[in-house]
Amino acid sequence: QVQLLESGGGLVQAGVSRRLSCVASGRTFSNYIMAWFRQAPGKEREFVSGISYGGASTYYADSVEGRFTISRDNVKNTLYLQMSSLKPDDTAVYYCAASLGSRVGESAGEYDYWGQGTQVTVSS
């Protein structure tokens with residue numbers, strides 16, 4: 001089992017950058033496919049970005065492609081999401097998720113472990 005703890009959220013103005021972090025503890029971090037999801041009020045949880053075991057392959061939702069960058073440090077057991085050019089539509093609770101599967105999936109059901117989430121609010 002792995003425990004996930006997100007940080008880095010907050011209230012920011014549109015157009016700025018922000019980096020989220022997710023520290024993993026427990027089992028070997030590099031054994032997990034990792035991803036970021038987000039959930040806005042009244043909406044379903046949606047895939048934002050995912051990364052393969054070693055970080056060589058990354059995937060993004062169309063809504064964040066070119067603005068967000070996912071990365072991982074398997075020595076520090078940490079997942080990152082660098083967000084730039086933030087928009088009010090990016091306002092949501094952002095969740096870190098880990099999967100024991102063999103590919104980066106875009107469905108929340110494909111992920112085995114979740115963090116508690118960190119709130120990102122983007123003001124216009």
Side-chain angles (χ1 to χ4, degrees):
Q1 179 165 331
V2 65
Q3 293 78 41
L4 304 172
L5 182 63
E6 305 94 337
S7 63
L11 173 62
V12 299
Q13 289 188 327
V16 304
S17 298
R18 193 83 169 186
R19 189 176 79 164
L20 304 182
S21 299
C22 171
V23 178
S25 59
R27 299 186 68 176
T28 306
F29 180 65
S30 59
N31 287 349
Y32 295 88
I33 296 288
M34 298 298 298
W36 289 98
F37 284 75
R38 68 186 181 186
Q39 188 166 18
K43 295 186 178 181
E44 293 186 355
R45 193 169 298 190
E46 64 173 0
F47 174 83
V48 173
S49 182
I51 188 166
S52 59
Y53 304 108
S57 298
T58 57
Y59 305 84
Y60 298 94
D62 290 344
S63 59
V64 306
E65 179 82 52
R67 299 189 297 122
F68 290 11
T69 302
I70 190 172
S71 61
R72 65 190 297 166
D73 185 330
N74 286 345
V75 174
K76 295 182 178 179
N77 293 344
T78 304
L79 176 72
Y80 302 102
L81 185 67
Q82 180 67 45
M83 306 183 293
S84 61
S85 302
L86 282 163
K87 306 174 182 179
D89 283 350
D90 295 318
T91 295
V93 177
Y94 283 73
Y95 297 91
C96 169
S99 170
L100 289 167
S102 59
R103 69 181 194 94
V104 176
E106 297 188 4
S107 171
E110 297 180 73
Y111 290 81
D112 304 286
Y113 303 102
W114 294 84
Q116 292 299 307
T118 185
Q119 175 72 47
V120 174
T121 303
V122 184
S123 64
S124 58

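The chain is numbered in sequence order, starting from 1. Every value quoted in this text rests on a predicted model; they were computed, and no experiment measured them.
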(Q) Could you check whether any side-chain heavy atom of Ser49 comes within less than 4.5 Å of a side-chain heavy atom of Tyr60, counting everything from C-beta outward? (A)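 Counting from C-beta outward, Ser49 and Tyr60 do come under 4.5 Å.
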(Q) So Trp36 and Cys96, do their side chains get closer than 4.5 Å, heavy atoms only? (A)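 Result yes, sub-4.5 Å side-chain heavy-atom pair found.
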Atom pair [atom1] ([X]) and [atom2] ([Y]), whose distance is rounded to the nearest 0.5 Å:
X	Y	atom1	atom2	value
Gln119	Thr91	CD	OG1	7.5 Å
Arg72	Thr58	CZ	OG1	12.0 Å
Arg38	Arg45	CZ	CZ	13.0 Å
Cys22	Leu5	SG	CG	7.5 Å
Tyr94	Ser7	OH	OG	15.0 Å
Ser99	Met34	OG	CE	9.5 Å

Looking at every heavy atom in both [X] and [Y], which two are closest together, and how far apart are they?
X	Y	result
Asp112	Gly101	OD2-N, 4.4 Å
Asn74	Ser30	ND2-CB, 3.5 Å
Phe47	Ala35	CE1-CB, 4.2 Å
Val122	Asp90	CG2-CB, 4.3 Å
Ser71	Leu79	O-CD1, 3.3 Å
Ser124	Ala14	CA-CB, 4.3 Å

If hydrophobic clusters are built by linking Ile, Leu, Val, Met, Phe, Trp and Tyr wherever their side-chain heavy atoms come under 4.5 Å apart, do [X] and [Y] end up in the same one?
X	Y	value
Phe68	Val93	no
Tyr95	Met83	no
Trp114	Ile33	yes
Val120	Leu81	yes
Ile51	Phe29	yes

Q | Stepwise ring-ring contact (aromatic ring centres under 6.0 Å, His included) check, Tyr111 with Phe37 | A | CA-CA 10 Å; Tyr111 290 81; Phe37 284 75; 5.2 Å; yes
(Q) Strictly distance-based, threshold 3.5 Å: is any side-chain N or O of Glu6 a donor or acceptor partner for the main-chain N or O of Gly117? (A) yes
**Q.** Partners passing side-chain contact (heavy atoms from CB on, under 4.5 Å) against Arg19 (at least two apart in sequence or in another chain)
**A.**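 For Arg19, the residues satisfying side-chain contact (heavy atoms from CB on, under 4.5 Å) (neighbours in sequence not counted) are Ser21, Tyr80, Gln82.
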